[in-house]
Structures are given as structure tokens and as C-alpha cells.
Amino acid sequence: MRLITPLTFIIFLLFSITNVELTSSKDRFRIFIRNVASTFHANWRQHFVSERPFVKNRFKLTNNGTHYNSSDFIYPMILTVGSCLVHRNLKVARARYNFSITYVDILNMDYDELPTDWAYENKNTARVACRQVLKSVRQKRLFNRNLIEIISEKIYKAWIKRNAHRASNQLILPYKYLPENEKDKDRRAMLIACRLYNELHLYRYFRTTPIHLIEPSIE
Ligand SMILES: *[C@@H]1O[C@H](CO)[C@@H](O)[C@H](O)[C@H]1NC(C)=O
Ligand SMILES: *[C@@H]1O[C@H](CO)[C@@H](O)[C@H](O)[C@H]1NC(C)=O
Ligand SMILES: *[C@@H]1O[C@H](CO)[C@@H](O)[C@H](O)[C@H]1NC(C)=O
């Protein structure tokens, strides 16, 4: 085996320190996104239920439902998506006459239960929010109404880009023409990112100040 000279060792040490720092800040950022995505989904469920107290489920098509065991689909039901067989857990359904079509009840699933395609949506929204919030706190921006609107618009624009193929025409409006309740969804993503930035003490790892929100929260 070749002897490691002190110089190589020092270079190696320097390299690994930088590497550790890089990975750990990347990991912190990943944790930040995960927490924001999960809280954003929980927050959406809460708002959805309080705005529509009579709606008990919201089944949506998923492209990742093949791993469910077919013999667990036992309850025949008519859902908003059509005639289905519902899984024992009541959170997954299959079209009665075509078992390759699977729906999941996103209203009754925690973030961790969501299939990858639906978790992906939340995660992307969270990623844009986290990136913008971190960038703004690093630039020492004032977290006022104006900044909330700027970031919410960016979150919305990124959403359009991902969903242009399936959004209804009403939602393809530019941000400023959206109804307030639609804008609130994007604002909440941003505000959740601000709150969690402080709660997870991320300002320590990213060496910034905590975020001081000037506007009252609408979460
Ligand atoms: C589908 O979901 C399962 C279980 O949640 C997961 O392990 C798998 O990676 C997913 N596959 C795809 C293609 O998304
Ligand atoms: C599906 O469930 C049935 C009945 O509970 C069981 O016998 C079978 O092994 C399961 N199949 C798989 C692939 O898990
Ligand atoms: C069942 O659904 C799949 C996916 O949408 C589709 O590709 C397939 O043609 C359907 N099968 C039948 C028999 O309708």
C-alpha cells in the first residue's frame, strides 16, 4: 500500500471537510423541503375540510397504484370518479371495470402515504418556496406583503409550468387575476416555509438571521 504523505493527508482532510459541509447543507435543505411539503399538505387538508364540511373524500387518479394487493379491494362504491372497488383502508380505489385505473384519496392521506406522483406535486411547490425564502433571507430582504406576493407569484408560475397540460382554463390566469382564495394557496406555501425556517433553526445552518414576518399570517 502506498504511504500517505502528510501533504496528501492535509489535502484529503480539507477536501472531506468541504464535502461534509456541502452534504450537510444539502441535507438540511432537503429536510426543509420535506417538512414544508408535509406541512403544506396537512394545511391544505385542513382548509379543504373547513371550506367543504360535507365532502368526505377526494379521490384522484394516480399512476402509481399497481403495488396494491388486488384481493384487498373489497367494497363496491360509487365515488365521484365513478363505480369502484375500494381498498380495505378506504383510501385507495380501483375502477370497477378496469383494475389498471387506481385512485387515491388525497384528502385522507398524510403526506407520507401519498403515492409518488401526488407527493411530487407538494414537493415541487415546497422546493420553490424554500429556495425563494432562503434566497430572500440571505439577501436580507424585508419579509413584508410585497415579498409575499413576489414569492407567491413565483410559486404559482412554477405550478403552471408543471401543470399546463391538465389545469382548467380558469386557473391559467396570470397570478394577479387569480381569486384571493387561489392566491392564498401559494401564499401559504411561502408562509409555511418562513415559519419552518425558524422552527427548524435553519438560520443557524445557513448563517442568516431568523425570518421576521411583517405581515400577519394567513396560514
Ligand atoms: C410507487 O409506489 C411505491 C410505494 O409507495 C414505491 O416504492 C415506488 O417507487 C413507486 N414507483 C413509481 C414508479 O413511482
Ligand atoms: C394478497 O393478499 C392475499 C390475501 O390476503 C394473500 O394471500 C396474498 O399472498 C397477497 N399477495 C401479495 C402479492 O401480497
Ligand atoms: C384500462 O385502463 C388503462 C389505463 O387507462 C387503459 O390503457 C386500458 O386500455 C383500459 N382497458 C380497458 C379494457 O378499457
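Counting starts at 1 for both ligands and their atoms, following the listed order. Residues take their numbers from the sequence shown, with the count starting at 1.
No donor-acceptor pair closer than 3.5 Å links the side chain of Thr39 to the backbone N or O of Val36.
Checked against a 3.5 angstrom limit, the closest N/O atoms of Asp72 and ligand 2 fall outside it.
Taking a cutoff of 4.0 Å between a charged side-chain nitrogen and a carboxylate oxygen, Asp186 and Lys183 do not qualify as a salt bridge. A salt bridge links Arg45 with Asp110: the closest approach of a Lys/Arg side-chain nitrogen to an acidic carboxylate oxygen falls below 4.0 angstrom. The existence of a salt bridge linking Glu149 and Lys176 is excluded, since no basic side-chain nitrogen approaches an acidic carboxylate oxygen closer than 4.0 Å.
The closest protein non-hydrogen atom to atom 9 (O) of ligand 2 is Asn69 ND2, 4.8 Å.
Of all atoms in ligand 2, numbered sequentially from 1 with element shown, those under 4.0 Å from a heavy atom of Ser71 are 1 (C), 2 (O), 3 (C), 4 (C). Residue contact check: Ser100 has heavy atoms under 4.0 Å from atoms 1 (C), 2 (O), 3 (C) of ligand 3. Close approach to Ile101 involves these atoms of ligand 3, each under 4.0 Å from a residue heavy atom: 2 (O), 5 (O).
Within 4.0 Å of atom 14 (O) of ligand 3, at least one protein heavy atom is present. Per-atom contact check: atom 7 (O) of ligand 2 does not touch the protein, criterion being a heavy-atom distance below 4.0 Å. Atom 2 (O) of ligand 3 is flagged as protein-proximal [any protein heavy atom, distance under 4.0 Å].
Here the side chains of Tyr203 and His201 are in contact, with some heavy-atom distance below 4.5 Å.
Residues Asn108 and Asp105 have side chains that bring a donor and an acceptor to within less than 3.5 angstrom of each other.
Taking the ring centre of Phe48 as origin, the terminal cationic atom of Arg52 falls inside the region bounded by 6.0 Å and 45° from the ring axis.
Among Asn63, Leu61, Asn98, the residue whose heavy atom sits closest to atom 12 (C) of ligand 3 is Asn98.
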